[in-house]
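In what follows, a single structure is set out as structure tokens and then discussed.
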Amino acid sequence: MPNNEGGWRPRGYDGPGWEPPEEPPQGPPPGGGGGGGPGGGSRWSVPGVVAVVAVAVWSVLAYQWTQQNDCELVDSYGLVLSHGTPDPWERCGD
């Protein structure tokens with residue numbers, strides 16, 4: 001299929017009526033482009049980063065309960081939600 005505008009042509013077709021485009025296309029690809037994620041956006045989203053940071057902080061606080069009061073790790077996550085950080089006199093069952 002002849003194409004003088006540099007569009008689609010069958011692979012290997014160099015026949016009559018086809019000329020390569022004068023200039024290769026410039027700029028980002030169609031659909032946004034430029035980023036690493038879908039649609040050209042960033043792979044990181046603000047809610048995703050906030051969730052990862054929140055889980056990291058929650059884990060650090062739960063670890064304090066396990067070290068100070070010898071609590072189970074699963075129990076310590078619940079204690080962080082109900083009591084916050086441990087006081088020196090608090091125990092797991094209190």
Side-chain angles (χ1 to χ4, degrees):
M1 173 179 223
N3 186 348
N4 292 328
E5 296 178 10
W8 181 86
R9 66 185 172 96
R11 174 171 265 160
Y13 179 80
D14 290 330
W18 183 84
E19 297 174 10
E22 294 177 12
E23 216 175 281
Q26 300 294 322
S42 174
R43 292 182 185 190
W44 299 94
S45 66
V46 173
V49 171
V50 169
V52 168
V53 170
V55 168
V57 169
W58 191 21
S59 297
V60 168
L61 296 176
Y63 182 73
Q64 289 178 354
W65 278 97
T66 61
Q67 292 302 304
Q68 180 176 334
N69 298 318
D70 197 30
C71 298
E72 295 291 324
L73 185 62
V74 175
D75 296 333
S76 64
Y77 278 101
L79 288 169
V80 169
L81 293 177
S82 61
H83 296 289
T85 58
D87 291 325
W89 60 85
E90 286 185 306
R91 297 284 166 223
C92 292
D94 295 344

State, to 0.1 Å, how close Ser76 and Thr66 come at their nearest heavy-atom pair, and which atoms those are. OG-CG2, 3.6 Å
Roughly how far, to the nearest 0.5 Å, is the OH atom of Tyr63 from the CG atom of Leu73? 10.5 Å
Verify the cluster assignment for Leu81 and Trp65: are they in a single hydrophobic cluster under the rule of side-chain heavy atoms below 4.5 Å apart? yes
Quick check against the 3.5 Å criterion: does Trp58 have a side-chain atom that pairs as donor or acceptor with the backbone of Tyr77? yes
Using 0.5 Å steps for rounding, measure from the CD atom of Gln68 to the CG atom of Asp87. 8.0 Å
For residues Val80 and Val57: do they belong to one hydrophobic cluster (side chain heavy atoms under 4.5 Å, members Ile, Leu, Val, Met, Phe, Trp, Tyr)? yes
